[in-house]
Amino acid sequence: MLDLRSDTVTRPTAAMRRAIADAEVGDDVLEGDPTTARLEATVAELLGKERALFFPSGTMANQAAVWVHTTPGTEILIDAEAHIVQWEIAGAAALCGVQIRPVTARGAVMQADDLQAAVRMPSIHAPEASLVCLENTHNGAGGVVTSLADMQALRDVARRAGLPVHLDGARLWNASVASGVSLAELASCADTVMVSFSKGLGAPVGACLVGPADLLTKAHRVRKRLGGGMRQSGVLAAAALHGLEFHLDRLADDHAAARELADIVDGAGGATVVAPDTNIVMIDLPTPRAADVAARAAELGVRISVWHERRVRAVTHLDAPLEAIREHGIRLMKALEDTTSRLD
Ligand SMILES: *Cc1c(COP(=O)(O)O)cnc(C)c1O
């Protein structure tokens, strides 16, 4: 069985487990954990920001970012298909008391003109905005990379509107590897950035929020309040450091595998594939039978996820080498064909 539901399904490699076993640790809630401190310093430097803070999940780091940037009763401008809108169970409303103003992108992801159109004229009758959120790569759009120029244009719209920018960069690693633009340049378009270690980098747990020291001091308190203070977190930070050292450059292999997979399945049973920029392959179906396709694919030995009733998602990763992708891609193609011929 090949599991292509997400790049989160990877298990720590033997070498990563050794790094975990050898990690020097302390109590991070008390005087600090040395390996966590090393991870935070490494990530802050990589992204060209003052400070980084290690979180148990990307969701908690995103929510802490929304918390420190906003005040209750304001709104955040964000792509309607963003993770913060779709997959964080209304945390911005429940935890931070902010309204989400979903921006519908005319293309694959929100661009500067889409954002500009959502900036309201100041009015006593209208909500005040407090934050712009970006996502790169964009998960829901299919791992789409927003170019540096497009990121800068988005940032400029936000600046003109007097709004800070938070970047959900769970897969910023993939955006950097795919575009050849440094992490720091991409991060320079945002005030705060979340990066995840449990996606393509293959670590079991964790994310960092990075940004200016004053905001991160506030985020530290929010993390504590949310129950995100971790003790000997060095065992997790060691895995993240190992992922950064050994699994960052190889993301290019995942991108190549995704392109191969897309070529194999495109057109099968009338499906159309969104040409992948990175490691996410979105497959659009001619009929609303995503659950049937996923069930048939599982019977044939490949697990994929149902995105919505007309769309399934396959994600390439560390535990899915190219040869396996080729073999299971053909099975997925067959699942698409079988589902169409059986049910149409
Ligand atoms: C996975 C993901 C998150 C959340 O990360 P978790 O560690 O799973 O909470 C946030 N944003 C995007 C774009 C993601 O893909």
Side-chain angles (χ1 to χ4, degrees), residues 3-10 12 39 43 52-67 76 78-92 94-96 100 102 105 108-110 131-146 151 165-178 183 186-187 190 192-210 219 222-223 226-228 230 233 236-237 239-240 243-244 251 254-255 258 276-282 305 307 311 313-318:
D3 194 345
L4 299 180
R5 287 173 301 163
S6 178
D7 46 8
T8 59
V9 301
T10 54
L39 173 68
V43 173
L53 190 65
F54 189 43
F55 277 78
S57 72
T59 300
M60 193 190 283
N62 272 341
Q63 292 302 323
V66 173
W67 195 315
I76 64 178
I78 180 167
D79 186 302
E81 299 303 322
H83 194 280
I84 289 174
V85 179
Q86 298 292 337
W87 305 108
E88 300 189 12
I89 45 174
L95 301 171
C96 311
I100 281 182
V109 303
M110 180 175 76
L131 179 65
V132 170
C133 291
L134 308 178
E135 186 174 311
N136 200 7
T137 67
H138 193 296
N139 184 0
V144 170
V145 175
T146 303
M151 293 278 290
V165 176
H166 171 65
L167 169 60
D168 177 345
R171 295 188 182 82
L172 195 66
W173 324 112
N174 299 78
S176 171
V177 167
L183 290 159
L186 291 168
T192 54
V193 185
M194 183 277 275
V195 285
S196 168
F197 307 111
S198 61
K199 303 281 167 82
L201 295 184
V205 171
C208 268
L209 181 65
V210 296
V222 175
R223 186 185 72 176
L226 294 174
M230 297 181 286
S233 50
L236 302 174
L244 282 173
L251 291 175
D254 293 347
H255 301 170
D277 281 355
T278 56
N279 67 327
I280 298 177
V281 182
M282 291 295 194
S305 59
W307 198 255
R311 175 174 267 198
R313 188 185 79 158
V315 185
T316 58
H317 54 72
L318 192 60

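As the structure lists them, so they are numbered: ligands from 1, and atoms in each ligand from 1.
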Please confirm whether Arg171 approaches ligand 1 to less than 4.0 Å, judged on its heavy atoms. yes

For [X] and [Y], indicate whether the former's side chain and the latter's backbone hold a donor-acceptor pair under 3.5 Å.
{"X": "Trp173", "Y": "Ser196", "value": "yes"}
{"X": "Arg313", "Y": "Gly140", "value": "no"}
{"X": "Gln86", "Y": "Ala80", "value": "yes"}

Does Met194 approach ligand 1 within less than 4.0 angstrom via side chain, backbone, both or neither, non-hydrogen atoms only? side chain

Applying a 4.0 Å heavy-atom criterion (strictly less than), which segment of Thr8 is in contact with ligand 1: side chain, backbone, both, or neither?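 Answer for Thr8: neither.
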
If I compare all heavy atoms of [X] with all of [Y], which pair ends up nearest, and what's the gap?
{"X": "Cys133", "Y": "Ile76", "answer": "SG-CD1, 4.3 Å"}
{"X": "Thr10", "Y": "Lys199", "answer": "OG1-O, 4.3 Å"}
{"X": "Asp79", "Y": "Met110", "answer": "OD2-N, 2.8 Å"}

Between [X] and ligand 1, does any nitrogen or oxygen pair lie at a separation below 3.5 Å?
{"X": "Thr59", "value": "yes"}
{"X": "Glu88", "value": "no"}
{"X": "Lys199", "value": "yes"}
{"X": "Thr137", "value": "no"}

Could you tell me, atom by atom, which parts of ligand 1 come under 4.0 Å of a heavy atom of [X]?
{"X": "His83", "result": "1 (C), 2 (C), 3 (C), 4 (C), 10 (C), 11 (N), 12 (C), 13 (C), 14 (C), 15 (O)"}
{"X": "Glu135", "result": "13 (C)"}
{"X": "Asn139", "result": "15 (O)"}
{"X": "Ala170", "result": "2 (C), 11 (N), 12 (C), 13 (C), 14 (C), 15 (O)"}

Closest protein heavy atom (residue, atom, distance) for atom 6 (P) of ligand 1: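 The closest heavy atom on the protein side is Gly58 N, 3.4 Å.
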
Polar contact flag, side-chain donor to acceptor under 3.5 angstrom, His255-Asn174: yes

Out of Asp168, Val195, Val315, Asp7, whose heavy atom is nearest to atom 11 (N) of ligand 1?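 When every heavy atom of Asp168, Val195, Val315, Asp7 is considered, Asp168 comes closest to atom 11 (N) of ligand 1.
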
Pick from Val195, Val193, Thr146, Thr192: which one makes a side-chain contact (heavy atoms from CB on, under 4.5 Å) with Leu167? Val193

Testing Val177, Ile280, Asn136 one by one against Arg171 for a side-chain contact (heavy atoms from CB on, under 4.5 Å), which residue passes? Ile280

